[in-house]
K.L.:
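Once you've had a glance at the structure underneath, I'll fire off some questions.
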Amino acid sequence: MGTPSVLWNVAKKCFTVGVISLTVSDLFASIVPVRGASMSPTFNPKTNSLLDSLSDDRVLVEKFCLSNYKFSHGDVIVFCSPDNHKEKHIKRIVGLPGDWVGTIYDVVHIPEGHCWVEGDNSASSLDSRSFGPVPLGLVKGRVTHILWPPHRVSSVERKTPRNRVSPS
């Protein structure tokens with residue numbers, strides 16, 4: 001009977017592909033859905049339709065930046081929420097360690113090992129203005145490209161807010 005050996009070979013190949021895919025996803029890059037309007041218009045520019053989940057942007061997250069925490073002002077990052085580590089957020093870096101960031105009410109000094117993040121759509125963004133500087137250890141990667149939907153495929157631009165940050 002050749003059927004069990006064929007099934008066994010298919011199962012081994014599927015397992016191998018799964019292990020390789022998981023390794024690539026953990027170490028090098030992954031694809032992440034963007035939910036909500038906090039980063040609009042960069043991501044999900046139209047979030048008020050009935051088919052929101054089908055039209056959500058999918059982005060490529062590269063993880064090479066994590067080896068030495070090499071980030072720049074204006075990078076869009078994925079990080080675990082400081083309040084709930086099961087939640088992941090996508091925001092733009094406004095301030096890096098040592099910077100002074102101006103908020104509506106105050107000027108905040110960013111401590112070593114932290115960054116200040118904000119959504120592009122400040123009216124609907126839960127970000128550093130709510131929970132303070134984010135530890136760099138919570139960062140999971142840098143968003144480099146929009147991969148879905150097909151008509152929005154492009155690289156993600158670095159944008160820095162003007163007159164809000166002053167280096168130390």
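Everything numeric here is computed off the predicted structure, so don't read it as measured data.
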K.L.:
Run the ring-ring contact (aromatic ring centres under 6.0 Å, His included) test against Phe79 and tell me which residues pass, sequence neighbours left out.
P.N.:
His89
K.L.:
Considering residues at least two apart in sequence or located in another chain, which fulfil the side-chain contact (heavy atoms from CB on, under 4.5 Å) criterion with Asn9?
P.N.:
Lys12
K.L.:
With sequence neighbours left out, write down each residue that passes side-chain contact (heavy atoms from CB on, under 4.5 Å) with Pro41, or none if nothing qualifies.
P.N.:
none
K.L.:
Taking only residues two or more places apart in sequence, or in another chain, which ones meet Ser124 in a side chain to side chain donor-acceptor pair (under 3.5 Å)?
P.N.:
Asn121
K.L.:
Taking transitive links into account, so neighbours of neighbours count too, which hydrophobic residues share a cluster with Trp8 at under 4.5 Å side-chain distance?
P.N.:
none
K.L.:
Mind checking whether Ser30 and Lys63 have side chains closer than 4.5 Å, heavy atoms only?
P.N.:
yes
K.L.:
Would you say Arg129 and Glu118 make side-chain contact, with heavy atoms under 4.5 Å?
P.N.:
yes
K.L.:
Would you indicate whether the side-chain heavy atoms of Phe43 and Val143 approach each other to under 4.5 Å?
P.N.:
yes
K.L.:
Please tell me if the side chains of Val32 and Ile90 come closer than 4.5 Å, counting only heavy atoms from C-beta onward.
P.N.:
yes
K.L.:
Using a strict cut-off of less than 4.0 Å between a Lys/Arg side-chain nitrogen and an Asp/Glu carboxylate oxygen, indicate whether Arg142 and Asp75 qualify as a salt bridge.
P.N.:
yes
K.L.:
When clusters are formed from ILVMFWY side-chain contacts under 4.5 Å, directly or step by step, what else is grouped with Val153?
P.N.:
none
K.L.:
Are any non-hydrogen side-chain atoms of Val34 and Arg58 less than 4.5 angstrom apart?
P.N.:
no
K.L.:
Answer whether the closest heavy-atom distance between the side chains of Pro111 and Pro133 falls below 4.5 Å.
P.N.:
yes
